[in-house]
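This report refers to the structure that appears directly beneath it.
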There are 2 protein chains.
Amino acid sequence: MKHPTILDVANEAGVSKSLVSLVMRDSDRVSASSREAVLKAASALGYRPNAAARTMVRRRSYVVGVMVSDLRNPFFADVIDGIDMAVTDAGYRAILTTGNRAPERERLAIATLLEMRVDGLILASPVVGGEFVIDASRTVPTVIVGKAIRASTIDSVTNDDRRGAEMVIDHLVELGHRCIAHIDGGVGAGAGPRRSGYARSMRRHGLEDDIRSMRGGFTEEGGSTGMTDLLAEGARPTAVFVANDLAAIGALDVIDGAGLNVPGDISIVGYDNISLVAGHRLGLTTVDQPRHDMGRMAAGLILEKIEQDRPSASHVVLSPKLIVRESTGPPPL
Amino acid sequence: MKHPTILDVANEAGVSKSLVSLVMRDSDRVSASSREAVLKAASALGYRPNAAARTMVRRRSYVVGVMVSDLRNPFFADVIDGIDMAVTDAGYRAILTTGNRAPERERLAIATLLEMRVDGLILASPVVGGEFVIDASRTVPTVIVGKAIRASTIDSVTNDDRRGAEMVIDHLVELGHRCIAHIDGGVGAGAGPRRSGYARSMRRHGLEDDIRSMRGGFTEEGGSTGMTDLLAEGARPTAVFVANDLAAIGALDVIDGAGLNVPGDISIVGYDNISLVAGHRLGLTTVDQPRHDMGRMAAGLILEKIEQDRPSASHVVLSPKLIVRESTGPPPL
DNA sequence: GATTCAGGTTGGAACGTTCCAAGAGGTCCT
DNA sequence: AGGACCTCTTGGAACGTTCCAACCTGAATC
């Protein structure tokens with residue numbers, strides 16, 4: 001028999017299906033003897049409850065779905081870990097799908113979760129946005145991590161990207177830099193605010209003529225092409241703010257390959273503070289985001305929305321923190 | 001209305017539920033006019049098929065479940081990407097759960113997938129093994145990636161870890177090293193064969209007295225504690241083979257922190273060839289595994305098993321490839 | 001000895017699909 | 001005109017649970 005059902009267990013144990021159901025959800029109003037008989041039968045048959053059937057009749061799945069834009073970025077591992085823990089503690093389960101930063105695949109990944117009737121949807125730094133996401137949020141509680149969306153139905157957990165970018169520029173200006181370029185995150189979540197925070201801060205320091213934003217992306221590759229383009233353009237900046245750590249790693253490698261010294265010739269700053277950039281080899285100055293907490297908070301918001309269906313949208317904004325390491329220093333003379 | 005059903009759509013469109021069902025699975029025997037009416041009604045109501053109901057009656061979910069032991073390791077991102085692509089191309093969908101290298105959580109993650117009645121189960125480098133996994137494989141086609149299990153019901157896709165380890169040792173011996181230590185992967189998938197490959201190769205080179213295996217783990221932290229312990233013991237080896245790249249990064253950082261030179265004082269080798277270690281900063285000599293292909297092959301095996309239920313177990317073993325970079329060199333004089 | 005009560009157990013309806021056998025209309029052939 | 005045969009459409013049963021109201025049994029109460 002492929003998958004024994006509750007009825008098979010009932011037969012084996014000589015009781016009704018209802019009683020088996022009670023035992024499975026361990027109700028307290030079944031006698032010790034029946035409970036034992038049922039459990040014995042269940043394990044003898046290798047019974048496993050069928051979540052699909054359960055979901056149907058309860059019209060709740062007790063599952064939270066998480067769509068992750070980019071599994072390659074270790075940033076998300078911690079966010080997911082936070083989500084998973086909080087959700088598990090509350091008696092739910094988390095499942096993931098991934099979109100690989102491709103809008104079409106992201107949409108499919110989200111649709112999969114919606115069709116499975118997850119009770120809550122968490123989007124970790126989605127590339128897609130707009131109507132599609134808003135539509136989704138109309139049928140299921142939705143939280144976005146890493147980016148905010150203007151819609152009254154969608155909660156968000158972000159760090160203050162604009163502020164983080166400003167802290168970076170302040171730090172560089174303080175070191176004496178004026179010619180500071182930015183390699184952006186393209187269409188990625190949070191890329192916009194970081195870019196505009198950069199520009200705003202530059203203007204605030206009277207450096208509007210030195211604003212220079214290059215196209216990059218939230219990947220190693222994005223960082224390296226951005227840096228390659230930047231170096232090719234001539235008029236080398238003395239510092240570069242790269243949209244995230246992964247891209248900064250790519251950018252650093254291009255600089256190393258060009259025989260330039262960091263921070264002697266050029267200072268580099270990233271964003272995220274993933275553990276890989278903390279070591280002596282990279283020693284990247286970056287902006288820390290409390291990843292694990294972001295995951296926990298996202299889960300908290302979702303659970304709150306599921307269980308008390310709070311009508312209004314919450315937007316949690318966490319404070320970024322500058323982490324200074326060896327990749328930044330005074331500009332060359 | 002929270003979730004419109006096929007019946008709501010039928011009412012709206014003025015047809016029977018059966019016809020709506022046919023349109024949804026786009027059957028070719030519905031008239032153009034009804035098809036249009038149904039689609040219009042469906043999108044007006046925001047109808048989304050309920051996968052739980054579908055799974056119930058078809059007794060197939062068209063979903064492949066993937067349990068990933070460690071999302072922090074970028075190695076898996078590529079494996080998952082390969083799985084996702086192959087599975088999607090075949091008309092299935094992939095969902096993930098994660099166990100965070102903790103056996104208890106892994107078991108829960110697997111149970112979640114089984115209860116959802118996934119049609120196939122892929123375990124990416126699970127820490128758990130034994131009865132639990134074998135039980136699972138009795139009810140659903142199962143493939144393990146990164147580790148082999150002796151059971152006639154379980155397929156596996158691995159690289160030849162033992163051989164890979166031997167290639168590492170051969171390389172180091174050729175450079176002139178004799179005192180070569182190993183920081184292992186603990187209980188992680190593939191850790192055993194790499195450890196024994198190391199030991200066997202050392203013996204083969206007549207270096208049995210120099211065998212020294214330290215406890216590590218497949219994480220940065222594991223590598224750094226392993227290396228810290230190793231350095232604390234005195235009698236510093238001239239080369240260390242670390243169980244994977246992530247751990248090697250941790251180990252390198254400890255070495256850097258101790259003021260030692262790589263490869264001048266000590267050579268380091270990793271395993272996996274994740275992109276992060278390829279750059280100038282780390283330049284880690286390592287062993288390449290064809291991650292993406294491993295994912296595709298795992299998916300291929302699962303689909304084959306699902307659709308043609310092949311009875312016997314397949315074990316695919318891929319060839320590792322040594323990638324020599326700057327972290328290895330001749331031993332100090 | 002009848003009545004109430006509590007503890008334990010039960011069958012049936014419902015959830016939202018798919019599948020199947022069968023029905024409704026048309027067209028075409030003889 | 002009658003039948004055969006299309007094409008399109010339909011209602012009902014089934015999938016494996018949960019939930020509910022109802023039932024049974026024996027003990028406690030009057």
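Just so it is clear, the structure is predicted and the values come from calculations on it, not from any experiment. Sequence lines set the chain letters: A, B, ... in the order given, protein chains first and strands last, and positions in each chain run from 1.
Nearest-nucleotide positions on DNA chain D place Val30(B) closer to the 5' end than the other of Arg117(B) and Val30(B). In this structure, Arg35(B) and Ala53(B) both approach DNA chain D, and ranking their closest nucleotides by distance from the 5' end singles out Arg35(B).
For dT17(D), the OP1/OP2 oxygens have a side-chain nitrogen or oxygen of Tyr47(A) closer than 4.0 Å. Applying the 4.0 Å criterion to OP1 and OP2 of dT9(C), one finds that Arg29(A) has every side-chain N and O outside that range. Under 4.0 angstrom from either OP1 or OP2 of dA14(C) there lies no side-chain N or O belonging to Arg58(A). Proximity of Arg54(A) to the phosphate of dG16(D): no side-chain N or O atom is located under 4.0 Å from OP1 or OP2. Distances shorter than 4.0 Å separate some side-chain N or O of Ser16(A) from OP1 or OP2 on dT10(C). In this model, the phosphate group of dT9(D) is approached by a side-chain N or O of Ser34(B) to a distance below 4.0 Å at OP1 or OP2. Using a 4.0 Å cut-off, some side-chain N or O of Ser31(A) falls inside it from OP1 or OP2 of dT9(C). Contact annotation: Thr5(B) side-chain N/O to dG16(C) OP1/OP2 distance is not under 4.0 Å.
Using a 4.0 Å heavy-atom cutoff across all strands shown, Arg59(A) reaches sugar-phosphate atoms only and no base atom. Using a 4.0 Å heavy-atom cutoff across all strands shown, Thr55(A) reaches no nucleic acid atom at all.
Summarising the geometry, the separation between CG on Leu19(B) and P on dT18(C) is reported as 12 Å, rounded to the nearest angstrom. Whole-Å rounding puts the Glu115(A) CD to dT17(C) C1' distance at 12 Å. Between Lys17(A) atom NZ and dT10(C) atom P the separation is 10 Å, expressed in whole Å. Between Met56(A) atom CE and dG16(D) atom P there is a gap of 13 Å when expressed in whole angstrom units. The separation between Arg60(A) atom CZ and dG16(C) atom P is 15 Å, rounded to whole Å. Separating the CG atom of Leu45(A) from the P atom of dG16(D) is a distance of 14 Å, rounded to the nearest angstrom. Look at CG on Leu7(A): it is 13 Å from C1' on dT10(C), rounded to the nearest Å. For the pair Leu22(B) CG and dC20(C) C1', the computed distance is 11 Å after rounding to whole Å.
By the 4.5 Å heavy-atom criterion applied to side chains, Leu123(B) and Val145(B) are not counted as neighbours. Side-chain atoms of Val317(B) and Asn159(B), non-hydrogen and from C-beta on, never get closer than 4.5 Å to each other.
Atom CD of Glu307(A) is surrounded by more than 12 heavy atoms from other residues, nucleotides or ligands within 6.0 Å.
Looking at the side chain of Arg25(A), the nearest of the listed nucleotides dT18(C), dT18(D), dT10(D) is dT18(D). The side chain of Ser18(B) has dC19(C) as its nearest neighbour among dA14(C), dC19(C), dC19(D).
Looking at Ser61(B) and Asp119(B), their side chains do bring a donor and an acceptor atom within 3.5 Å of each other.
Among residues at least two apart or in separate chains, salt bridge (charged side-chain N to carboxylate O under 4.0 Å, His left out) pairs with a member in residues 131-141 of chain A are Glu131(A)-Arg138(A), Asp135(A)-Arg138(A). Identified under the salt bridge (charged side-chain N to carboxylate O under 4.0 Å, His left out) test for residues 64-76 of chain A, with sequence neighbours left out: Asp70(A)-Arg101(A), Arg72(A)-Asp78(B).
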